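No experiment lies behind these values; they were computed from the predicted model shown. As a basis for the values below, the full set of heavy atoms in this structure was taken, side chains included, without hydrogen atoms, waters or symmetry mates. Reminder, nothing fancy here: chain letters follow the sequence lines and each chain counts from 1.
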Protein chains: 2
Amino acid sequence: MSYPVFAVTVDLVVLTVREGELCVLLVRRGIEPYKDRWALPGGFVLADEDLADAARRELAEETGLDGPGGHLEQLATYGTPDRDPRGRVVTAAYLALLPDLPVPNAGSDAAAAAWRPITQQGLAFDHDRILADGVERARSKLEYSPLATAFCPPEFTVAALRQVYEAVWGESIDPRNFHRKATSTPGFLLPTGHSTEGEPGRPAKLFRRGDATLLNPPILRRRTGG
Amino acid sequence: MSYPVFAVTVDLVVLTVREGELCVLLVRRGIEPYKDRWALPGGFVLADEDLADAARRELAEETGLDGPGGHLEQLATYGTPDRDPRGRVVTAAYLALLPDLPVPNAGSDAAAAAWRPITQQGLAFDHDRILADGVERARSKLEYSPLATAFCPPEFTVAALRQVYEAVWGESIDPRNFHRKATSTPGFLLPTGHSTEGEPGRPAKLFRRGDATLLNPPILRRRTGG
DNA sequence: GCAATAGTGTCTGTTAGACACTATACC
DNA sequence: GGTATAGTGTCTAACAGACACTATTGC
């Protein structure tokens with residue numbers, strides 16, 4: 001039996017929160033097509049490689065590590081016939097959430113890599129659309145999963161966690177109500193017994209992520225109608 | 001530049017509610033591999049075809065129509081290297097929700113097609129996993145979207161809609177509370193002015209789906225913890 | 001009338017959000 | 001002391017769920 005042949009790539013929407021702003025990891029392309037344009041990091045899937053493994057490999061190549069506190073999940077797959085001028089390329093997009101990292105390294109076929117605000121437009125290929133889908137996925141998943149902790153270092157304060165929610169959702173949250181909600185949701189946060197030092201104001205207790213995979217009750221954002 | 005070549009398929013998780021039970025459309029494979037085994041309907045993506053178009057085409061081939069009241073969305077993509085003995089095949093799975101249809105037609109490479117309870121096991125390839133993912137997606141989407149109406153004919157009663165929720169979630173729902181909730185959620189249901197006739201009991205008003213894309217407030221299922 | 005289903009009203013416990021208040025650090 | 005941030009208590013409005021009650025059909 002005969003059938004058409006495709007190339008398969010993975011592209012990564014790597015998000016982090018830097019200085020209260022949701023940012024995405026972009027690379028400036030060093031080769032055609034779309035040379036010198038910003039793009040999502042990614043690359044071809046190898047001949048005997050699982051899709052998730054390819055995503056993890058690309059993530060490690062671009063950032064140095066999958067790191068503790070990180071999260072990686074499949075986002076969606078894009079396969080419009082003309083999406084890549086080199087031929088028929090289907091890409092499986094993955095969403096990664098990471099704590100704020102020092103500086104990303106340039107990959108092999110990327111001239112430079114940088115954190116950019118998620119409002120960045122004009123990316124290569126159909127990456128504007130993929131980025132928008134990734135941001136929307138992240139926003140909705142914060143409600144029902146403990147994934148906000150993936151943006152935080154291993155130990156973090158309730159205030160730091162709240163600032164993640166505020167950055168991702170782009171809205172302010174009452175600190176007192178958030179504190180009560182976050183600490184009373186079973187399995188969300190584990191006390192470490194440690195506290196911050198040297199910061200202004202009363203020291204804050206430090207927490208680790210709990211073992212819950214689904215928040216119950218959820219942390220709801222203000223509904224925008226529908 | 002050289003890179004590995006892949007075949008790309010689409011597979012469909014087509015769900016409907018029949019006699020109060022959530023069912024999936026399966027085909028009995030007429031060719032190798034997995035000859036005579038039940039499988040999800042699907043097939044190869046054509047050389048110049050979009051993934052979503054391929055899914056719509058396969059759905060039309062298997063059921064006769066995408067039909068009014070139906071819904072089709074991308075589910076996930078599966079690409080483990082050894083998932084297909086014919087070679088490196090990546091499949092984009094789509095989830096379709098349809099009203100109860102008469103009888104599905106056998107496709108070209110399928111010896112027979114039938115509705116089976118979603119508890120069916122032992123499917124070809126990795127289709128057990130894909131089916132489970134599709135059912136889980138459908139269950140969670142009923143809460144926040146008006147997709148339950150995709151299982152109903154163009155005009156339906158509140159009781160019929162409730163039976164969809166009960167079948168998909170596998171739990172019973174208080175009819176009186178559900179009625180108040182469904183009819184008071186903005187944009188969910190549009191009154192038609194018609195009523196049922198010839199049924200036992202008081203006639204029920206008929207509704208169409210509204211134009212809401214997100215239910216606010218949502219229709220929540222009983223939380224199972226996490 | 002009786003049986004059956006549609007649809008409404010009411011009560012109760014829980015929760016989200018507003019916000020006053022207390023606690024504990026640095027200066 | 002003053003300022004800043006952490007964390008708790010309390011009130012209120014909205015909502016989910018339980019369930020009594022009324023409405024409208026076929027028999």
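- As rounded to whole Å, 15 Å separates atom C1' of D:dT25 from atom CG of B:L206.
- Judged by distance alone, the side chains of A:Y78 and A:D11 never bring a donor and an acceptor atom under 3.5 Å apart.
- We find the CG-OG distance between B:L147 and B:S140 to be 10.0 Å, quoted to the nearest 0.5 Å.
- Taking the side chain of A:V158 as heavy atoms from C-beta on, and the options C:dG7, D:dG7, C:dA6, the nearest nucleotide is D:dG7.
- Rounded to an integer number of Å, the gap from A:F178 CZ to D:dG7 C1' is 14 Å.
- Out of C:dA25, D:dT8, D:dT24, the shortest distance to the side chain of A:H179 is found at D:dT8.
- Of the listed nucleotides (C:dG7, D:dA6, C:dA18), D:dA6 has the atom at the smallest distance from the side chain of A:A159.
- Between the NZ atom of A:K205 and the C1' atom of C:dA25 there is a distance of 14 Å, given to the nearest Å.
- Atom CZ of A:R176 and atom C1' of D:dC11 are 13 Å apart (whole Å).
- In this structure, A:N177 places its CG atom 15 Å from P of D:dC11, rounding to the nearest Å.
- Looking at every heavy atom in both residues, A:E155 comes nearest to A:H194 through OE1-ND1, 3.2 Å.
- When each of D:dG7, C:dG7, C:dT10 is scored by its nearest atom to the side-chain atoms of A:R202, the top-ranked nucleotide is D:dG7.
- Between the CG atom of A:D174 and the C1' atom of C:dA20 there is a distance of 12 Å, given to the nearest Å.
- Note that the CG atom of B:L131 and the CG atom of B:L95 stand 10.0 Å from one another [nearest 0.5 Å].
- As rounded to whole Å, 11 Å separates atom P of C:dC27 from atom CD of A:E199.
- In the set D:dT25, D:dC19, D:dG9, the nucleotide with an atom closest to the side chain of A:R180 is D:dG9.
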